[in-house]
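Okay, here's the structure, questions in a sec.
Values reported hereafter were calculated over all heavy atoms of this structure, with side chains retained and with hydrogens, waters and symmetry mates removed. As the structure is a prediction and not an experimental result, all values here were calculated from the model. First the proteins, then the strands, lettered A, B, ... as listed; each starts at 1.
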Protein chains: 4
Amino acid sequence: MATPPSTLFASDNASGVHPVLMEALLAANTGHALAYGDDEWTKRAITRFRDLLGSDAEIVFAWGGTGANVVGLQCLLAPWQAVICPDTAHIAVDECGAPERFTGCKLIEVPTGDGKLLPVHIERHLHLLGDEHHVQPRVVSITESTEFGTLYLPDEIADLAEFAHSHGLLVHLDGARLANAVAALDVDLRSLVVETDVDVLTFGGTKNGMMYGEAVVFLRPELAANAHFVRKQAGQLPSKMRFVSAQFEALLADDLWIRNADHANRMTERLAERMASVPGVDVVRPPEVNSLFARVPAAAIRPLQDWSFFWVWDAAESMVRWMCSFDTTEDDVDCFVEGVAEIVAAYR
Amino acid sequence: MATPPSTLFASDNASGVHPVLMEALLAANTGHALAYGDDEWTKRAITRFRDLLGSDAEIVFAWGGTGANVVGLQCLLAPWQAVICPDTAHIAVDECGAPERFTGCKLIEVPTGDGKLLPVHIERHLHLLGDEHHVQPRVVSITESTEFGTLYLPDEIADLAEFAHSHGLLVHLDGARLANAVAALDVDLRSLVVETDVDVLTFGGTKNGMMYGEAVVFLRPELAANAHFVRKQAGQLPSKMRFVSAQFEALLADDLWIRNADHANRMTERLAERMASVPGVDVVRPPEVNSLFARVPAAAIRPLQDWSFFWVWDAAESMVRWMCSFDTTEDDVDCFVEGVAEIVAAYR
Amino acid sequence: MATPPSTLFASDNASGVHPVLMEALLAANTGHALAYGDDEWTKRAITRFRDLLGSDAEIVFAWGGTGANVVGLQCLLAPWQAVICPDTAHIAVDECGAPERFTGCKLIEVPTGDGKLLPVHIERHLHLLGDEHHVQPRVVSITESTEFGTLYLPDEIADLAEFAHSHGLLVHLDGARLANAVAALDVDLRSLVVETDVDVLTFGGTKNGMMYGEAVVFLRPELAANAHFVRKQAGQLPSKMRFVSAQFEALLADDLWIRNADHANRMTERLAERMASVPGVDVVRPPEVNSLFARVPAAAIRPLQDWSFFWVWDAAESMVRWMCSFDTTEDDVDCFVEGVAEIVAAYR
Amino acid sequence: MATPPSTLFASDNASGVHPVLMEALLAANTGHALAYGDDEWTKRAITRFRDLLGSDAEIVFAWGGTGANVVGLQCLLAPWQAVICPDTAHIAVDECGAPERFTGCKLIEVPTGDGKLLPVHIERHLHLLGDEHHVQPRVVSITESTEFGTLYLPDEIADLAEFAHSHGLLVHLDGARLANAVAALDVDLRSLVVETDVDVLTFGGTKNGMMYGEAVVFLRPELAANAHFVRKQAGQLPSKMRFVSAQFEALLADDLWIRNADHANRMTERLAERMASVPGVDVVRPPEVNSLFARVPAAAIRPLQDWSFFWVWDAAESMVRWMCSFDTTEDDVDCFVEGVAEIVAAYR
């Protein structure tokens, strides 16, 4: 059997730390600095975020993606309110109920097909407003790029935000893979999330080459009024903060965040092209960012995983997900395709 | 005015990362590894913990100290139950209500004087048991070493645990600075927390030289039955777990954790000795671990902080706290004493 | 325009108190009795419940239906667990998020068509079990009779419970209108909820003639171990308990609970028969209990409500719900049908 | 041994329903009325409250005292905030943690000696404000009359409220026995809670002759903006609301609420006077409202309780609490004193 590739196609969080970011960690390890963000690295990292997103933006850093979502959502919600989101959203499916547990709020989970929320999905729940028997929709949460690897165009976000705002709802954007969207759409971040009128977003670091660390960005500063209390109470305040900040500072410099994501996207494109000609592998749709969904023979899944692990997306459909990362090489892709082809051939 | 020392005496979390641990981070950055703890570093780090604490121990890693306390406590508690703890406990004072918020439980906070809980403090609340109008005491939480820099002797922990267990209560130990206690008492960890019958503890990494990462240790494995769900729901599951684990692996090797703590303790002892002869500085009590409490002239506090920052412990008493870290040098201590003496002299 | 009927068809909670129950309230108002259930009325009411449901049953009384559901569910759940229920369940739609808020748990809401949960609905979510990223299904909640006025047969409940138990899940039954089901199915309560292996149920009083008061019944007594603490913490412990208990005692005597429900069911049957011949009124399906769903011309809804108020069930479908109560008379039914016919005629 | 009195001295919630209020319940049982407060009784009861407290007041009714406190507090609090209250407060001791559980907030419990909070108690915790590591004091909660049977004078409330407001805190008043305070102080309600600038209060019904029902009164209407959602989510929305409202309507008519309380107070005064001359009974202090605290021989407590039940207040101090109610008669008092004297005599 072929030698497995040197990187996994399981998830972009199976990758390690980008060398530039590791350098930044080493460089930040110079003597003492006050904890909890009262340090120079944090000031500089926040400045970089404001350069990207506007000087009004308020930014707080958090440990991980679930925590960042919890902090952002909590700042927008009272416990009798609700979040409308796709039923495939990470906050709905993959966070062990953390958002509901912490905020006390219900998630109104909407089937969408492609992971993208439309105004019509919101509209159906507006009749709940004002009736004391029902939770009150207050936040619309979208993911860019989505858990399905699909993309909202800037206009689609703008339309959704306008509809939401016109009914008194706020817009939360889970941007664990926002960089991949920016790279794929070839837009600047401001036109994607500021001009479209998003209220709060998480900006992912971990899946784009950082060791750890996510940012919660409040594009309306008044929504951040209690963010520091919320973050601490949510257990999301890193004490040696400079090591989060130093990574963000380096990630945002010289467009490293976009370059990392663009590389992952392009490797996924290559993977899709190569896989398209593998008999027995049925690519579900052309990839838009760094995930590829494909159907393979059910019996081949376990042998494939044993050879080079990845996750099944939908067992009933025999559908799997393959992801590329900032450090996936062309050789990794080619090697993976070759091995998959060999194994699948045995199970057709 | 004297040049400030090159390290701060503000807190042990103002320090950076111990070079051996930074090496471990670099070494762990080798290609891909599955996320969430399904990796070799995590297996090895858990093995090291079991070597120290017994093969039955269950260990889960968390991002930070507040999160680790929340995860450990949640595994012991239903929301109508309560935690008895000193009113100076970190969980009571310094976590922005995270334990209450997450567990739903009340903390019954007991005045102690020295931060150490005694069986008599528990006894006074046992009358609550069984009465539906009252929260039900279920956990006793102690900190070793305490927030006051005091120490429980092994026998004191054993007595407390025996009393607690005899009334159906469990014992939680916040060990953010457990290493400093082990070093100061010159006991092995097992005799301090296993033989004394503690149920669950947090084992601190960040304040002892790690970049981030804490461990929750369940000494009764059945208490860990839901720990993985609790950790994820609490937002405390690091995705690139290997970087937490690699640090713990290195910290526990060759007693580095004890050596780091011992160094910090010894520097604090030197600091106390030197400060004892500074006019205007009144050392409150001899340090037992790595924190020193002293009274200084109220008017001198701000100038002192401007020169080299530290925290006021009790403004009404004009009492400050100075802490040493794994990387505090003798020169830092001497330089700090000299500068304090000079500034205090101006305000006597 | 016709005179409106003397009772409303809006809901069975628009009715007042059955005269026998009012007598019981008067009779219980004799001097002093200890609060919180330590009284003779409560002992006798519990005995009556045990006569019906078995001597092992544990029963606690609560103020209202939402509270009773919250108490029952909380006794079964830890906060990382989940409840599978129809997306039309009262706990999902009509309790302003109380179950999620109090238990911290997610409701996994399943589309059903007729409000009835089947094993297949549960099966689809069993893959979540054991994965720390997902909430853990623990309870299946059904309503008998359902919010759609449909009925589970005893065998259907038994099948569902067997399936649930075989996968480690418990069965909660919301019995706000359980009496209507018992009357309609002409079974005894034991064969409907005990022999079918339900774990916990709420037994409704308010919608069946009581002034207030609901019962939470634990058919496995070990599940009630913490019920008293849960009830108090949920704000559901009536202080002058005897007035809840006296009503339940009288309601359960001489099958009054069944007779009340049976009357309401029969009036609804009469209503359906009469409405079937009213042009412009389209009875959606024959009523099984005391609610009737019908489509009427959209423009007629408001005038009808102004004449004699009722609730719209589905505005998009122009579907309304009419309910009968223990005190609805044949004259009320006939009068209501006559008025509806007159008004609808004007809008066809 | 003497025949026990026909009423208990255990608590004012051991009493039944005042005959006028029972009449009101009967009178309200006339046919159908829409549920949840959309009825004429509720409109009239709210009008009566506004006559007493000002036309701006917003009033919502709840089932019980714990629920009313939870609803009132929740409307004032975000979960990282805290309530400062006496450590003897009902919300702190007797509600099984319901306020913390529901609001997520910490109670900062202050020792007071007499159950009365002073500005100095608040002042000590103001240093917490603005620091993300600490919960943020937001509400001051007082009880009038207190759990110790003591009274705040109007000026004392006004001073406390002024101090609280000047630091951005709100004032919550638990008025489960507010009527007893109004009667004892011989002031009108407005001068006690409106002119003193209380923000939110609960107004007790159950302990003053009602079968059930408490009111939450918002004296700043903007604080009630979400009260209906909070109430429903807290499980405190009575469906057949008219029966709560009818009682309040009758209770507030012709000063019945004050007359009931005044009677209970006067009976307690009589009890105190008579007990003062009983050898072995040591009245702790003259009663201010309807509770009397006394020390009796420890060995006599159980026999006394067996004869006519009451609650021990402080077992260590051998202190008991006796309470009078709206229906306690002079004969009851005299009979009780006689029996106590007889039993205590045997244990001196």
Side-chain angles (χ1 to χ4, degrees), chain A residues 5-11 13-17 19 22 25-26 28-36 38-39 62-71 94-98 100-102 206-207 210-212 228-240 242-244 309 325 327-328, chain B residues 5-11 13-17 19 22 25-26 28-36 38-39 62-71 94-98 100-102 206-207 210-212 228-240 242-244 309 325 327-328:
Chain A
S6 63
T7 63
L8 295 171
F9 290 77
S11 175
N13 63 22
S15 63
V17 183
M22 191 58 99
L25 286 170
L26 283 166
N29 195 26
T30 56
H32 279 211
L34 284 177
Y36 306 121
D38 192 4
D39 64 73
W63 291 117
T66 292
N69 279 332
V70 162
V71 169
D94 296 308
E95 302 187 351
C96 199
E100 294 97 325
R101 174 77 181 283
F102 198 73
T206 314
K207 288 176 166 137
M210 280 174 55
M211 186 184 283
Y212 65 106
H228 284 258
F229 302 112
V230 168
R231 177 175 62 174
K232 177 62 194 172
Q233 197 175 51
Q236 290 295 319
L237 176 62
S239 68
K240 296 182 177 176
R242 57 173 143 164
F243 296 104
V244 177
F309 189 80
S325 180
D327 60 353
T328 307
Chain B
S6 63
T7 63
L8 294 171
F9 290 78
S11 175
N13 63 22
S15 63
V17 183
M22 192 58 100
L25 286 171
L26 284 166
N29 195 27
T30 56
H32 280 212
L34 285 177
Y36 306 119
D38 191 5
D39 64 72
W63 292 116
T66 292
N69 280 333
V70 163
V71 169
D94 296 309
E95 302 187 350
C96 198
E100 293 97 326
R101 173 79 180 282
F102 198 74
T206 314
K207 287 175 166 139
M210 280 173 54
M211 185 183 283
Y212 64 106
H228 284 258
F229 302 112
V230 169
R231 176 175 63 173
K232 177 62 194 171
Q233 197 174 50
Q236 291 295 320
L237 176 62
S239 67
K240 296 182 177 175
R242 57 173 143 163
F243 295 105
V244 177
F309 189 80
S325 179
D327 60 352
T328 307

> What's the spacing between B:His32 NE2 and A:Asn13 CG if we round to 0.5 Å?
Replying inline: 10.0 Å
> Taking A:Lys240 for the side chain and B:Gly16 for the main chain, is one N or O donor matched with an acceptor at less than 3.5 Å?
Replying inline: yes
> Pick from B:Asp38, B:Thr206, B:Thr30, B:Asp39: which one has the most heavy-atom pairs with chain A under 4.5 Å?
Replying inline: B:Thr206
>> As an exercise: rank A:Ala68, A:Ala28, A:Gly67, A:Ala35 by heavy-atom pairs under 4.5 Å with chain B and give me the winner.
In response: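 The candidate making the most pairs under 4.5 Å is A:Ala35.
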> Picking from A:Ala98, A:Ser6, A:Pro19, which has the most non-hydrogen pairs under 4.5 angstrom with chain B?
Replying inline: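 That would be A:Ala98.
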>> I'd like to check the side chain to side chain donor-acceptor pair (under 3.5 Å) partners of A:Ser325; sequence neighbours left out, ordered by chain and number.
In response: A:Ser15, A:Asp327
> Given that the side chain runs from C-beta out, which part of A:Phe243 has a heavy atom under 4.5 Å from chain B: side chain, backbone, both or neither?
Replying inline: side chain
> What option among A:Leu34, A:Asn69, A:Val244, A:Thr66 has the most heavy-atom pairs under 4.5 Å with chain B?
Replying inline: A:Leu34
> So which heavy atom on B:Val70 is nearest to which on B:Phe102, and how close?
Replying inline: CG1-CD2, 3.3 Å
>> At a 4.5 Å cut-off on heavy atoms, which part of B:Met211 comes close to chain A: side chain, backbone, both, or neither?
In response: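 The answer is both parts of B:Met211.
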> Is there a donor-acceptor pair under 3.5 Å between the side chain of B:Lys207 and the backbone N or O of B:Ser11?
Replying inline: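 Pair absent, no side-chain N/O of B:Lys207 close to backbone of B:Ser11.
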> What part of A:Asp94 lies closer than 4.5 angstrom to a heavy atom of chain B: side chain, backbone, both or neither?
Replying inline: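 Interface part for A:Asp94: backbone (N, CA, C, O).
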>> Is B:Val17 close to chain A through its backbone or its side chain, or both, or neither, when contacts mean heavy atoms under 4.5 Å?
In response: both
> If contact means a heavy atom pair closer than 4.5 Å, which residues of residues 229-239 of chain B contact chain A?
Replying inline: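 Interface residues of residues 229-239 of chain B: B:Phe229, B:Lys232, B:Gln233, B:Ala234, B:Gly235, B:Gln236, B:Ser239.
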>> How close do A:Leu8 and B:Ala33 get, counting heavy atoms only, and between which atoms?
In response: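 That closest heavy-atom pairing would be CD1-C, 4.2 Å.
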